[in-house]
Protein chains: 4
Amino acid sequence: MPTSNSSSDRKKTPVNPPERREEILAVAAEVFAARGYNATTVRTIADAAGMLAGSLYYHFDSKESMLDEILSTFLDELWARYDAVLTAGLGPRQTLEALVTESFREIDRHRCAVAIYQREARHLGARPHFGYLAESQQRFEKAWLGTLERGVADEVFRPDLDVRLTYRFVRDTVWVAASWYRPGGLHSPEEIARQYLSMLLEGIALRA
Amino acid sequence: MPTSNSSSDRKKTPVNPPERREEILAVAAEVFAARGYNATTVRTIADAAGMLAGSLYYHFDSKESMLDEILSTFLDELWARYDAVLTAGLGPRQTLEALVTESFREIDRHRCAVAIYQREARHLGARPHFGYLAESQQRFEKAWLGTLERGVADEVFRPDLDVRLTYRFVRDTVWVAASWYRPGGLHSPEEIARQYLSMLLEGIALRA
Amino acid sequence: MPTSNSSSDRKKTPVNPPERREEILAVAAEVFAARGYNATTVRTIADAAGMLAGSLYYHFDSKESMLDEILSTFLDELWARYDAVLTAGLGPRQTLEALVTESFREIDRHRCAVAIYQREARHLGARPHFGYLAESQQRFEKAWLGTLERGVADEVFRPDLDVRLTYRFVRDTVWVAASWYRPGGLHSPEEIARQYLSMLLEGIALRA
Amino acid sequence: MPTSNSSSDRKKTPVNPPERREEILAVAAEVFAARGYNATTVRTIADAAGMLAGSLYYHFDSKESMLDEILSTFLDELWARYDAVLTAGLGPRQTLEALVTESFREIDRHRCAVAIYQREARHLGARPHFGYLAESQQRFEKAWLGTLERGVADEVFRPDLDVRLTYRFVRDTVWVAASWYRPGGLHSPEEIARQYLSMLLEGIALRA
DNA sequence: GATGAATGAGCGTTCATTCAT
DNA sequence: TATGAATGAACGCTCATTCAT
C-alpha cells in the first residue's frame with residue numbers, strides 16, 4: 001500500500017523545522033537520563049545537539065521547559081494507554097497484565113523520560129509548575145491499588161496480600177527497569193512483561 | 001559523680017572529635033538522600049550541622065570525600081553481613097531469604113546511604129576513586145545470580161526462570177525500597193522481607 | 001484624481017523605502033526614551049515595528065546607528081532653529097526668550113530624542129563616533145552663556161547673577177521637561193515657555 | 001574641640017566589618033550614577049571594589065539589592081530632613097527656602113544616590129519591590145505643591161502662578177543638579193541654594 | 001525585504017574551596 | 001575548631017549580530 005507508506009515517510013524525512021525541536025528534546029532527554037537534570041548543563045545538551053548553548057534558547061524558554069516538555073509528553077502518552085486499559089472492562093488479572101505490559105512498552109518508547117521521571121519526580125512535584133507530576137502519581141496509585149484490591153475481592157489474588165506493599169514492589173520493579181533496559185536488546189518489552197508477570201503471579205519457587 | 005558529669009559533657013563540649021565527624025556525616029547523608037548529591041550545597045550541610053560552610057573543611061577534604069565515606073561505610077557493613085550469609089553453607093532458598101532479609105535490614109540501618117547509592121552509583125562508578133562501587137556491583141551480581149542459578153540447578157526454583165532478568169527484578173525491588181521506607185513505620189524490615197519473599201517465591205495469584 | 005490615489009498608496013504599499021526607515025526610527029526612539037538605550041533590546045524595537053529582530057539589519061547597520069540617526073537628526077534641526085535665533089540680531093532678553101521658546105518647541109517635536117539625549121549624552125560623548133554630542137554641548141553652552149553675559153553687560157539682567165550657575169539651572173529645567181511633557185496636553189510649548197520665562201525673569205515672589 | 005574631632009575620626013578608620021559593606025555600596029553608587037544601573041555590570045563594581053564579581057554576593061543578595069539599599073538609605077535620610085522642615089511651622093516662603101536648601105545639601109551628601117534616583121526611579125517604581133519610590137514621589141509632590149499653594153493663598157507668591165508647572169520646574173532644576181554638582185567644588189550647597197532661591201523668587205531681570 | 005536559525009560574548013549568580021585569624 | 005571573607009570556575013540565560021534562504 002503506497003499511501004500508508006508515503007504517510008510514514010512524511011515523518012522521517014526532515015521536511016519541516018518542528019523536527020529540530022524534537023531532535024534537541026531527544027538529545028536533552030538522553031543527557032538528563034544519563035547524568036540527572038541538575039547535573040546536566042545546557043552546554044552539554046547544546047554540544048550533543050551540535051550547537052552553542054545560547055542557540056537552545058531560540059527553541060526553548062529554559063532548561064526547565066525542556067524537562068517539562070519531555071515529562072508531560074511522556075505522561076500524556078502513558079495515560080492515553082493506561083486509560084484505554086482501565087476502561088476496557090477487563091478482570092483484575094487481565095488488567096494487571098495489561099498495565100504491566102503497557103508499562104514496559106512505554107519504557108521501550110520513552111526510556112529516557114521514564115528514567116528522568118524516576119529520578120526527579122519526587123522533588124519536582126513540589127514546584128507548582130510540576131504539580132501534574134504529583135497528580136499523575138496519585139492517579140497511578142489509584143489505578144494499580146484498585147486493580148490489586150479488586151483482584152483480592154474477586155479471589156483471583158491471594159487473600160493475605162498486603163496490597164499497599166505489593167503495589168510498591170510492583171511499581172518499583174516495573175519503572176526502575178528503565179535504568180537497565182536498552183531498546184533493541186535481547187528481550188522485547190512484551191517478553192520482559194511476560195517474564196515479570198510469570199514471576200509476580202506464580203512466584204519463582206518450584207511447585208511440588 | 002564523674003560518670004554523669006562526663007556523660008553530660010559529651011553533649012555540650014566536644015570531647016572526642018570522631019563524634020562530630022559522624023554527626024556531620026549523618027546530616028550530610030540525610031540531605032544527599034533528600035535532594036541528590038549534586039543538588040546539595042555544602043552550605044546546606046553546614047547549616048544543618050550548625051556551622052559555616054568553610055568549617056566543614058576542617059573535618060573533611062571535600063564534599064566528595066563525605067560522599068565517599070558515607071558510601072564506603074555502608075558498603076563495608078553490607079558486605080560483612082552478606083559474606084556471613086554466603087559463607088554459612090545454606091541452601092539456595094535459605095540463602096535468598098537471608099540476603100533479602102539482610103538487605104531490608106540494611107535499608108533500615110542505612111536508609112540514606114542506600115538511597116544515595118541508588119541515585120549516584122551508576123555515574124559515580126566511572127570515576128577512578130569510586131571504582132569500589134563498580135566492584136561492589138559485580139560482587140553483588142555474582143552473589144545473587146549465583147544463588148538463583150544454584151536454586152534452578154537444585155530444582156528449588158522454577159527451571160524456566162530467566163535468572164538474569166529475575167536478578168534485576170529482585171535487585172531493583174529490594175533497593176528501591178529505600179526511597180519509600182521510613183524507619184519506625186508500620187512494617188519492620190523483617191516483616192517487609194517476609195512479605196516480599198512470599199510474593200517472590202509463591203506469587204500473588206490464588207492457587208486453585 | 002491621481003493626487004489622492006498616490007497619497008493613499010503611500011500608506012498601503014511600501015512605495016518608497018525611506019518611509020519604512022523612519023517608521024522604524026520613530027518606534028526605536030519611543031522605546032529608547034521609555035526604557036533607556038541599554039535596556040532596550042533590538043527585539044523590542046522589531047516587535048513594535050512588526051518585524052523580526054534580524055530584519056532590522058536590512059535597514060540599519062546596528063542598534064547604535066539607530067541611536068546615532070535619532071540624535072543627529074534632532075540636533076541638526078535644533079541647531080537650524082537656534083542659529084536662526086542667534087543670527088537674528090536680537091537683544092539679550094529677546095534672545096533668551098526665543099531660545100527658551102524654541103527649546104520647548106523642539107521638545108514638542110522631538111520629545112523622544114530629547115529624552116534620549118538627556119539620559120545618554122554624557123556617557124555617549126566619550127565614544128569617538130559620538131563626538132558631535134560633546135561639540136553640540138559646547139556650542140550650546142556658548143550660546144546660552146553668551147546671551148546671559150550680554151544681558152548682564154547690557155544691564156537687562158541682574159548684575160549679581162552667577163551666570164554659570166544660572167546657565168545650568170536654565171539648561172536643566174528646559175530640557176528635563178522632555179521627561180514629563182506630553183504633546184497635545186494642557187499646555188502648548190509656547191504657553192510653557194511663557195510661564196517659565198515669567199518665572200525666570202520676574203521671579204515667583206509677589207512684589208510689594 | 002577634640003571630642004568632635006575624634007568622633008569624626010571614628011568614621012574613617014576601618015575598625016569593623018560592616019564598613020566593608022558600605023565601601024562596596026559607595027563604589028556601586030558611583031558606578032551606577034556614572035553609567036546607569038542596567039549598563040553597570042557586577043564585574044565593574046567588583047573591579048572598582050578590588051574583588052571578584054562572585055565575592056560581592058557574600059555581602060549582598062543581588063545587584064538589585066545594592067541598588068535598593070542605596071536608594072532607600074538616601075530616601076530615609078531625605079525624608080528625615082524634609083519632615084523636620086515641614087513640621088517646623090514655617091511660613092511658605094521660609095518652607096520653600098528650607099526645602100531647597102535641604103535638597104542641595106542632600107545632593108552634597110548623596111550625590112550618586114540622587115543621580116541614580118533621577119535616572120531609574122520612573123521605571124523602577126513599577127516593580128513591586130520598589131513601590132516606595134513611587135510613594136516617595138507622591139509625598140514629594142504633596143510637600144512642594146502644598147507649599148507653593150499655601151504661598152499663593154498667603155499672598156507671598158504671585159497669584160498668577162501655575163503651581164503644577166512651577167512645581168515641575170523647581171523639582172527638576174533642584175534634582176538634576178546632582179548630575180553636575182561636585183562636592184568640594186567652588187560652591188557650597190548652601191551657596192547654590194541661595195543663588196537658586198534668589199533667581200526663583202526675584203527673577204533674573206533687572207528691576208527698573 | 002524579511003525570516004529562521006544560529007553565533008559568541010558577556011551577564012548576574014552559585015558554589016566548592018581556601019586561608020588568615 | 002570555627003569564622004569571615006574571598007576566589008575562580010562554571011552555570012543558566014540574554015542579546016546584538018550574521019547569513020542562507
Side-chain angles (χ1 to χ4, degrees), chain A residues 16-18 20-21 24 37-46 49-67, chain B residues 13-14 17 20-21 24 37-46 49-67, chain C residues 13-14 17 20-21 24 37-46 49-67, chain D residues 16-18 20-21 24 37-46 49-67:
Chain A
N16 43 9
R20 193 76 180 102
R21 258 186 91 85
I24 296 171
Y37 173 73
N38 278 307
T40 298
T41 74
V42 295
R43 274 154 180 96
T44 304
I45 300 171
M51 50 174 36
L52 290 177
S55 309
L56 290 175
Y57 290 82
Y58 180 79
H59 301 278
F60 301 94
D61 284 348
S62 65
K63 183 185 165 188
E64 192 175 290
S65 78
M66 294 186 219
L67 177 62
Chain B
T13 49
R20 195 77 182 102
R21 261 186 91 84
I24 296 171
Y37 172 73
N38 277 303
T40 299
T41 73
V42 294
R43 252 199 73 177
T44 306
I45 300 170
M51 49 174 37
L52 290 179
S55 310
L56 290 174
Y57 289 79
Y58 179 80
H59 301 280
F60 301 94
D61 284 349
S62 65
K63 184 184 166 189
E64 195 175 284
S65 77
M66 294 187 219
L67 177 63
Chain C
T13 49
R20 195 79 182 99
R21 261 185 92 84
I24 297 171
Y37 173 73
N38 278 305
T40 299
T41 73
V42 294
R43 253 199 73 177
T44 306
I45 300 170
M51 49 172 38
L52 290 180
S55 310
L56 290 174
Y57 289 80
Y58 178 80
H59 301 279
F60 300 94
D61 283 350
S62 66
K63 184 184 165 189
E64 195 176 283
S65 77
M66 295 186 220
L67 177 62
Chain D
N16 44 8
R20 193 76 181 102
R21 258 186 91 85
I24 297 171
Y37 173 73
N38 277 306
T40 300
T41 75
V42 294
R43 276 155 180 95
T44 305
I45 300 171
M51 50 173 39
L52 290 177
S55 309
L56 291 174
Y57 290 80
Y58 180 79
H59 301 279
F60 301 94
D61 284 347
S62 63
K63 183 185 165 189
E64 191 175 290
S65 78
M66 294 187 219
L67 177 62

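Computed from heavy atoms alone, side chains included, the values below leave out hydrogens, waters and symmetry copies. Only a predicted model underlies this, so the values are computations on that prediction, with no experimental measurement involved.
When rounded to the nearest whole Å, the span between CE of A/M51 and P of E/dA5 equals 10 Å. In this structure, B/F60 atom CZ and F/dA2 atom P are separated by 11 Å, rounded to whole Å. One can place CD1 of A/I24 at 11 Å from C1' of E/dA6, the figure rounded to the nearest angstrom. Rounded to whole Å, the distance from CG on B/L52 to C1' on F/dG4 is 8 Å. The CG atom of A/L56 sits 10 Å away from the P atom of E/dT7 (whole-angstrom rounding).
Partners of C/F60 by ring-ring contact (aromatic ring centres under 6.0 Å, His included), not counting sequence neighbours: none found. Listed by chain and residue number, A/T44 satisfy the side chain to side chain donor-acceptor pair (under 3.5 Å) test with A/T41 (two or more places apart in sequence, or in another chain). Checked against side chain to side chain contact (heavy atoms under 4.5 Å, CB included), D/Y57 has the following partners two or more places apart in sequence or in another chain: D/V42. When the side chain to side chain donor-acceptor pair (under 3.5 Å) test is applied to C/T40, no partner is found at least two apart in sequence or on another chain.
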- Task: Do nucleotides 13-21 of chain E as a string where each nucleotide becomes B, S or -: B if the base has a protein heavy atom under 4.0 Å, S if just the sugar-phosphate does, - if no protein is that close.
- Result: BBSSBB---
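Comparing the start and finish of the helix from E/dA2-F/dT21 to E/dT21-F/dA2, five pairs each, the helix axis swings through 20°, to the nearest 10 degrees.
Taking only side-chain nitrogens and oxygens, D/H59 comes nearer than 4.0 Å to OP1 or OP2 of F/dA6. Side-chain nitrogen and oxygen atoms of D/Y58 include none within less than 4.0 Å of the OP1 or OP2 phosphate oxygen of F/dA6.
Taking both residues in full, the closest heavy atoms of B/S62 and B/S65 are given as O-OG, 2.8 Å, listed atom of the first, atom of the second, then distance. A pairwise comparison of heavy atoms in B/I24 and B/A49 identifies CG1-CB, 4.3 Å as the closest pair. Counting all heavy atoms, side chain and backbone alike, C/N38 lies closest to C/K63 at O-NZ, 3.8 Å.
Residue C/R43 holds its CZ atom at 11.5 Å from CG of C/L56, rounded to the nearest 0.5 Å. Atom CZ of residue C/R20 and atom OH of residue C/Y58 lie 12.0 Å apart, to the nearest 0.5 angstrom.
Of the two residues contacting DNA chain E, namely A/G50 and C/G50, the nearest-nucleotide position lying further toward the 5' end is that of C/G50.
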